[in-house]
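Input: a single structure, listed below in structure tokens.
Protein chains get the first letters and strands the later ones, always in sequence-line order, with residue 1 at the start of each. Bear in mind that the values here come from a model prediction, so they are computed numbers and not experimental data.
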There are 2 protein chains.
Amino acid sequence: MPTQSRRERARAERHELILRTARELAESIGWGAVTTRRLAEAIDYSQPVLYGHFENMNAIADAVAIQGIEELIAVLRFARTSAPDPADGLHALAKAYLEYASNHPAVYEAIFVRPTDLEFASADSPLLLKTAFAEFQAAIEPFAAGDDPETLTEVLWSALHGQATLAHASRLRPEHSRARADLLVKVITS
Amino acid sequence: MPTQSRRERARAERHELILRTARELAESIGWGAVTTRRLAEAIDYSQPVLYGHFENMNAIADAVAIQGIEELIAVLRFARTSAPDPADGLHALAKAYLEYASNHPAVYEAIFVRPTDLEFASADSPLLLKTAFAEFQAAIEPFAAGDDPETLTEVLWSALHGQATLAHASRLRPEHSRARADLLVKVITS
DNA sequence: TAGATTGTCTAGCAGTGCTAGAATTCAGGA
DNA sequence: TCCTGAATTCTAGCACTGCTAGACAATCTA
């Protein structure tokens, strides 16, 4: 049945088109302005088509978030494992995290800021979140000393998340971004 | 002119009623569900009345945010200055901040999370934000050692903000809230 | 080619923020 | 006490939102 598979292929392509377009739109005009009508217009179909692929608008943002967290995990892992020693590894991981958030603010928002119940309800995403968390923990474990590694991981992740979101909201001095990351790593490792 | 002042008094009272009701609604059903119709219904007036007091719905949330940051400043100052020494002061400030965020999540969201341009555009609020920032800086300055105090303040505030928001989004283990605050203060002061 | 299935669109619902203009209330003067 | 003008409040409506039912068109099967 080549027909059936051709159809399925076309359908899968459109699925990706929706996600790619939603992501581009969000990065350029913000999630608040990504409406079903605008998104449908951008992919050159009518709105109901979107609902043939996703349950609702939120599910589209959730799917973008899942793509994003997969990217983020790869970025963190590469940064950490490419470093010559644990201290550099933690440093590289922190910088990579903040850079990803800064370079893909809409995706970061979809993953960690936008209200969504998918992250904990679905079958795949909790595993992804755990994997991302494990990257943080692997990077910081060498510096845990007598402290609970998991708690220290939460402290590190929260601190980076805070820097990412406040910087994006223009509430931190933009030219001191690197200094903040450096200082955070310093106080944690010393 | 007792008539004029009576009118003005009634108007000021309704102004406060709007703010109080918006805050209560937001805390109980979330900002997303605080609509002009619902808010107008709650204060027993029609929607256009709201626009006689505030420019738009966002301005109402902004006004709640300003009330909130004034409260928060008082809370932080009390926590810091009531402590017997700087270390306890920093500890108390951190806990007070996280407690406020946890006890008034909608107000905290209005201040630090909701998209708003008021915080930096208006005449009053930047001063309030600076005052709040000064509280953090006063608490952490004794521990700055050779580091830039302002950068360290940003690191501290970001770390607490991250813990507050991720905890509210149920992304951190709720029973370890205190341990995270303790550990953060520990790594910063040691 | 006829019929069934699949895919897509048009048109519409209830909700949103916000506003113009009608209706009402009220204060002050004759 | 009644009238007039001003201040206040409401009704009704706009353009937008997410989402969907049902009509229509294209495609595959027999």
Side-chain angles (χ1 to χ4, degrees), chain A residues 1-19 21-23 25-26 28-65 106 109-110 114-118, chain B residues 1-19 21-23 25-26 28-65 106 109-110 114-118:
Chain A
M1 284 107 195
T3 304
Q4 183 68 358
S5 69
R6 184 169 356 114
R7 274 194 177 175
E8 281 173 6
R9 225 180 310 126
R11 188 177 161 77
E13 269 171 29
R14 200 170 61 178
H15 191 94
E16 283 309 307
L17 174 64
I18 293 173
L19 283 185
T21 310
R23 178 171 173 163
L25 269 181
S28 64
I29 60 178
W31 280 111
V34 180
T35 68
T36 55
R37 280 172 181 80
R38 255 193 276 265
L39 180 52
E41 164 94 1
I43 65 167
D44 221 59
Y45 282 95
S46 63
Q47 295 124 296
V49 165
L50 300 174
Y51 295 88
H53 288 268
F54 299 93
E55 196 186 341
N56 52 35
M57 192 63 220
N58 237 327
I60 297 179
D62 287 344
V64 171
E109 188 183 336
R114 273 192 126 235
T116 162
D117 30 28
L118 176 139
Chain B
M1 285 102 197
T3 303
Q4 182 68 357
S5 69
R6 186 173 347 120
R7 274 196 178 171
E8 280 173 7
R9 225 180 309 125
R11 190 179 159 76
E13 269 171 28
R14 199 171 59 180
H15 190 94
E16 282 309 307
L17 174 64
I18 293 174
L19 283 185
T21 310
R23 178 172 174 162
L25 269 180
S28 65
I29 60 178
W31 280 111
V34 180
T35 69
T36 55
R37 281 173 179 80
R38 253 193 278 264
L39 181 51
E41 164 94 3
I43 64 166
D44 220 59
Y45 282 96
S46 63
Q47 295 124 297
V49 165
L50 301 174
Y51 294 89
H53 288 268
F54 298 93
E55 196 184 341
N56 51 37
M57 194 60 219
N58 237 325
I60 297 178
D62 286 344
V64 171
E109 188 183 337
R114 274 193 124 233
T116 163
D117 30 26
L118 177 138

Rounded distance (Å) that lies between atom C1' of C/dC18 and atom CG of B/N58: 13 Å

What's the shortest heavy-atom distance between A/Y51 and A/N56, and which atoms? CE2-CA, 3.9 Å

For the CG atom of A/L50 and the CZ atom of A/R14, what is their distance to the nearest 0.5 Å? 9.0 Å

To the nearest 0.5 Å, atom CD of A/Q47 lies from atom CE of A/M57 at 11.0 Å

Gap between atoms CD1 and P, on B/I29 and C/dT16 respectively (whole Å): 10 Å

Could you tell me the separation between the CD1 atom of A/I18 and the P atom of C/dT8, rounded to a whole number of Å? 10 Å

A/Y51 OH to D/dA21 P, in whole Å, measures 12 Å

What is the distance, rounded to the nearest whole Å, between atom CE of A/M57 and atom C1' of C/dT16? 17 Å

How close or far is atom C1' of C/dT19 from atom CG of B/L50, stated in whole angstroms? 13 Å

Nearest-0.5 Å distance that lies between atom CG in A/L39 and atom CZ in A/F54: 9.0 Å

At under 4.0 Å between heavy atoms, how does the protein contact nucleotides 5-17 of chain D? Give one character per nucleotide, 5' to 3', with B, S or -. --S-SBB-B---B

Protein-nucleotide distance (A/N56, atom CG; D/dG18, atom C1'), rounded to Å: 9 Å

Mind checking the CD1-CG spacing from B/I43 to B/L17? Nearest 0.5 Å is all I need. 5.5 Å

For the pair made of CZ in A/F54 and C1' in D/dT20, what is the distance, rounded to whole Å? 18 Å

Output, in order, the C-alpha distance, side-chain angles, deciding distance and verdict of side-chain contact (heavy atoms from CB on, under 4.5 Å) for B/L19 and B/H15. CA-CA 7 Å; B/L19 283 185; B/H15 190 94; 4.3 Å; yes

